[in-house]
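Every value quoted in this text rests on a predicted model; they were computed, and no experiment measured them.
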Amino acid sequence: MQVAVVTFDGFNELDSFIAAALVNRCRKDGLEAFITTPTPVVTSMNGVEVTGQRPLEFVAEAGAVLIGSGVRTRDVVADDHLVSRLPLDPGRQLIGSQCSGALVLARLGLLDGRPACTDQVSRPFVEARGVTVLDAPFHSEGNIATAGGCMASQYLGAWVISRTLGDRAVRDVIGYTAPVGEQRETVDRVLRTVRTGEAAAVR
């Protein structure tokens, strides 16, 4: 499966790079992430210029799409042409958002009738779109997931890996990337958070 990590100008490096890096630990198993951008080069909120690996149109063919956050997300959702380039389909794709990326999912109507996670700065803007925001780092319902807080990007990456390759693959990836001496507790916490986010939707 190919994963589009949608990355706009003003993006948060932690959001895009952590999720992409975790997923790409699974290349040998056929799971690969690509930084996907609306222009050939985008600049992060801290001035880091990145050349996109795939154009925005790639989202139509990707099996999973993760929408990163950034300081210009409100400009993104106000741009009708840009939004029209995101033909997401939760019937056949895994779709996730990180922090202010929830605004994009809300703009696309993908959060209608379901709660979401986002960061504290973005929260009032997401709520203004009629979405209930949870005080939680991760939540998923069916093929749609949202994460809140920069470091929650590990949960989004783990969710994609779990849904495609299973929990054993998550244990391998998170165990390898966790701080030395904290592997077991980190793996357990990540899997517990992802499972709790899924279970909350069932209740």
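Residues passing the salt bridge (Lys or Arg N to Asp or Glu O under 4.0 Å) test with Arg192: none are found, sequence neighbours excluded. Under the rule for a salt bridge (Lys or Arg N to Asp or Glu O under 4.0 Å), Arg74 has no partner lying at least two apart in sequence or in another chain. Qualifying salt bridge (Lys or Arg N to Asp or Glu O under 4.0 Å) partners for Glu182, counting only residues two or more places apart in sequence or in other chains: none. Contacts of Phe58 classified as ring-ring contact (aromatic ring centres under 6.0 Å, His included), with partners at least two apart in sequence or in another chain: Phe34. For Arg171, the side-chain contact (heavy atoms from CB on, under 4.5 Å) test picks out Val187, Asp188, Leu191, with sequence neighbours left out. In terms of the side-chain contact (heavy atoms from CB on, under 4.5 Å) criterion, residue partners of Arg27 (sequence neighbours excluded) are, by chain and number, Asn24, Glu32. With sequence neighbours excluded, no residue satisfies ring-ring contact (aromatic ring centres under 6.0 Å, His included) with Tyr155. With sequence neighbours excluded, the residues satisfying side-chain contact (heavy atoms from CB on, under 4.5 Å) with Ala158 are Val170, Val190, Val194. Shown here are the salt bridge (Lys or Arg N to Asp or Glu O under 4.0 Å) partners of Glu13, two or more places apart in sequence or in another chain: there are none.
The closest donor-acceptor contact from the side chain of Thr43 to the backbone of Glu49 lies at 3.5 Å or more, if one exists at all.
Taking hydrophobic clusters as Ile, Leu, Val, Met, Phe, Trp and Tyr residues chained together by side-chain heavy-atom distances below 4.5 Å, Leu14 does not share a cluster with Met45. A single hydrophobic cluster is not seen to contain both Leu134 and Phe138; linkage of ILVMFWY side chains at heavy-atom distances under 4.5 Å, directly or through other members, places them apart.
Under the 4.0 Å criterion applied to side-chain N and carboxylate O atoms, Asp79 and Arg107 are not assigned as salt-bridge partners. A salt bridge links Asp89 with Arg92: the closest approach of a Lys/Arg side-chain nitrogen to an acidic carboxylate oxygen falls below 4.0 angstrom.
By the 6.0 Å contact criterion, CZ on Arg184 is open, its count of non-hydrogen atoms from other residues, nucleotides or ligands being 12 or less.
Taking the side chain as every heavy atom from C-beta outward, Ile35 and Val42 never approach each other to under 4.5 Å. Looking only at side-chain heavy atoms (C-beta outward), Val50 and Ser44 stay at 4.5 Å or farther from each other. The closest side-chain heavy-atom distance from Thr146 to Thr118 is not below 4.5 Å. Using a 4.5 Å cut-off on side-chain heavy atoms (C-beta onward), Asn12 and Cys99 make no contact.
Sorted by first and then second residue, the ring pair (Phe, Tyr, Trp, His ring centres under 6.0 Å) pairs with a member in residues 170-194 form an empty list; sequence neighbours excluded.
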Kindly determine whether Ser122 and Thr73 satisfy side chain to side chain contact (heavy atoms under 4.5 Å, CB included), including the steps that lead there.
-> CA-CA 9 Å; Ser122 301; Thr73 308; over 6 Å; no
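Other residues sharing a hydrophobic cluster with Val76 under the 4.5 Å side-chain heavy-atom criterion for ILVMFWY residues are Val6, Phe8, Leu56, Val59, Val65, Ile67, Val77, Leu82, Val83, Leu86, Leu88, Ile95, Leu103, Val104, Leu105, Leu108, Leu110, Leu111, Phe125, Val126, Val131, Val133, Ile144. Val41 belongs to no hydrophobic cluster with other residues, because no ILVMFWY side-chain heavy atom falls under 4.5 Å from its own, directly or through intermediates.
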